[in-house]
Amino acid sequence: MVAIALVLVAAVLAAWLVAGAIGPGLFHRHMAEAEKSPGTVVEHAESAFASASAVTLAVALFAAVLTALVVSTVLARRVGASLGSLSSAAANVAAGRFDVRLAQPHIGSEFDDLADAFNAMATRLDHDEMLRRRLMADVAHELRTPVATISAYVDALEDGVEDLTPQTVGVLHAQTARLARLAADLAAVTQAESSGLRLDLQFVAPARMVEASVAAARSRADEAGVTLTATVEPGLPVLRIDPDRVGQVLGNLLDNAIRHTPRPGRVTVSVRRLGSFVRFAVEDTGEGISTEHLPHVFERFYRVDTARDRAHGGSGIGLAIARALVHAHGGTIFAHSAGPGLGTRFDVDLPV
Ligand SMILES: Nc1ncnc2c1ncn2[C@@H]1O[C@H](COP(=O)(O)OP(=O)(O)OP(=O)(O)O)[C@@H](O)[C@H]1O
Ligand SMILES: [Mg+2]
């Protein structure tokens with residue numbers, strides 16, 4: 001529109017200027033000639049009018065064409081440059097280089113939006129690629145230790161260096177169990193994070209979820225010397241959730257809380273209403289998590305104390321599964337901790 005307006009303005013301006021500057025002069029000359037040469041005044045006036053309008057029109061048209069040419073060239077250059085950089089950036093992304101970013105061309109909001117959308121896509125792909133690489137590295141790392149242990153023991157048995165004692169069998173069992181667990185965890189997290197996760201939604205009272213998860217964790221808590229309590233706010237609405245999946249979330253949180261709370265600690269599961277959400281909270285008086293680790297605990301394979309958490313049998317996937325399941329319910333999950341030694345609280349908010 002601006003381009004067309006420019007062309008029109010140029011034509012009108014030229015016509016107006018020419019009509020104002022040249023027209024009267026031409027007219028005047030013709031009329032002056034009329035006094036000397038033969039012919040009627042009307043004829044002279046007509047020819048004066050004709051030549052004045054012809055010159056005006058010609059100059060105005062010329063100005064319009066010139067402006068149109070300049071404007072079109074500039075526009076075509078800018079649009080072309082913008083599309084050119086877009087297509088070369090797309091080619092880069094197709095070749096696996098996700099760090100390309102487009103500058104906003106500033107030739108209309110649609111072009112700027114396109115550049116923004118492209119950048120968002122490249123950022124997302126970049127992030128996913130990084131996660132994929134890290135996942136592969138983590139899986140390889142997790143596999144290495146048990147496989148190396150098993151293989152060393154098998155070699156030793158074969159060479160007769162080691163006998164098949166109950167102790168050796170125990171070690172082999174523990175390592176194969178760790179591999180089996182890793183495989184199961186990987187399958188679980190992949191399923192939980194896939195968009196095809198199917199929820200079997202039912203109407204469930206929040207109190208029932210709390211009771212069931214506390215009952216399931218009771219013996220582990222007793223064994224660990226941890227006091228396990230539940231508090232349920234009265235008058236809570238029923239939730240439309242998949243009870244198995246939410247049970248899995250609370251189970252993972254309780255498992256962590258009990259594992260990271262030294263005796264004689266306390267673990268509390270509570271549920272209350274919070275506006276349009278129902279908040280399940282699992283709180284412990286245990287080790288706590290420092291602020292630098294807090295944002296990462298939901299990442300796959302993330303463990304605060306890698307060596308010790310692994311010795312505890314954790315593969316660092318429990319919270320990744322919990323987060324994926326909570327998101328699948330349209331909810332959110334947050335971790336809070338005042339710091340090491342000050343306990344931890346996990347809040348799970350599910351929509352009413
Ligand atoms: N209640 C808690 N108190 C202190 N640290 C915690 C607590 N919950 C989780 N963490 C930390 O967050 C890390 C990640 O937890 P997550 O449940 O994902 O893995 P994990 O418990 O190590 O293994 P998994 O759950 O797969 O058996 C844990 O290794 C632990 O360091
Ligand atoms: Mg865990």
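Remember, it's a predicted structure, so these values are computed and weren't measured experimentally. Heads up: numbering here begins at 1 and tracks the sequence. Counting convention: from 1, in listed order, for ligands and their atoms alike. All values below come from the heavy atoms of this structure, side chains included, with hydrogens, waters and symmetry mates left out.
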(message) Using only atom types and a distance under 3.5 Å, with no angle test, would you say the side chain of S51 pairs donor to acceptor with the backbone of A48?
(response) yes
(message) If we ignore hydrogens and angles and just use 3.5 Å, is the side chain of D349 paired with the main-chain N or O of G331 as donor and acceptor?
(response) no
(request) List every atom of ligand 1 that sits less than 4.0 Å from any heavy atom of R259, numbering the atoms from 1 in the order shown and giving each element. (result) 21 (O), 27 (O)
(request) Sorted by first residue and then second, give each salt bridge (Lys or Arg N to Asp or Glu O under 4.0 Å) pair with at least one member in residues 214-234; sequence neighbours left out. (result) R220-D255
(request) From atom 18 (O) of ligand 1, work out which of V282, T344, V304, L319 has a heavy atom at the shortest distance. (result) L319
(request) Check if H293 has a non-hydrogen atom at a distance under 4.0 Å from any atom of ligand 1. (result) no
(request) Could you tell me whether some N/O pair between I317 and ligand 1 is separated by less than 3.5 angstrom? (result) yes
(message) When you compare the side chain of V100 with that of V93, does any pair of heavy atoms fall below 4.5 Å?
(response) yes
(message) Taking 4.0 angstrom as the limit and counting only heavy atoms of A257, give me the atoms of ligand 1 inside it, by number and element.
(response) 1 (N)
(request) Taking the side chain as every heavy atom from C-beta outward, state whether F346 and N252 have any pair of such atoms under 4.5 Å apart. (result) no
(message) Counting only heavy atoms closer than 4.0 Å, does ligand 1 sit against the backbone of R303, its side chain, both, or neither?
(response) both
(request) Please confirm whether N256 comes within less than 3.5 Å of ligand 1 when only nitrogen or oxygen atoms on both sides are compared. (result) yes
(message) Geometry only, no angles: is G316 polar-contacting ligand 1 at N/O separations under 3.5 Å?
(response) yes
(request) Could you establish whether G288 and ligand 1 come within less than 4.0 Å of each other, counting only heavy atoms on the residue side? (result) yes
(message) With respect to R181, determine whether any N or O atom, backbone or side chain, lies less than 3.5 Å from an N or O atom of ligand 1.
(response) yes
(message) Against ligand 1, does G286 come closer than 4.0 Å with any heavy atom?
(response) no
(message) Classify the ring geometry of Y302 against H293: parallel below 30°, tilted from 30° to 60°, perpendicular beyond 60°.
(response) tilted
(request) Compute the minimum heavy-atom distance from N252 to ligand 1 and say whether it is under 4.0 Å. (result) no
(request) Would you indicate whether the side-chain heavy atoms of M209 and L239 approach each other to under 4.5 Å? (result) no
(message) Could you check whether any heavy atom of F298 sits closer than 4.0 Å to an atom of ligand 1, since that is the contact criterion I want to use?
(response) no
(message) Counting only heavy atoms closer than 4.0 Å, does ligand 1 sit against the backbone of L253, its side chain, both, or neither?
(response) neither
(request) Could you tell me whether the side chain of P243 reaches within less than 4.5 Å of the side chain of Q202, counting heavy atoms only? (result) yes
(request) Below 4.0 angstrom from a heavy atom of Y302, which ligand 1 atoms are there? Numbered from 1 as shown, please. (result) 13 (C), 14 (C)
(message) Can you confirm, on distance only, whether ligand 1 has an N/O atom lying under 3.5 Å from any N/O atom belonging to A320?
(response) no
(request) Kindly say whether T261 contributes a backbone atom to a donor-acceptor pair with the side chain of R266 at under 3.5 angstrom? (result) no
(message) Tell me whether E129 is salt-bridged to R132, with the criterion being a basic N under 4.0 Å from an acidic carboxylate O.
(response) yes
(request) Please state whether the separation between the Mg ion (ligand 2) and some N/O/S atom of N256 is under 2.8 Å? (result) yes
(message) Does anything in residues 81-101 form a side-chain hydrogen bond (donor to acceptor under 3.5 Å, both in side chains)? List the pairs, not counting sequence neighbours.
(response) N92-R97, R101-T123
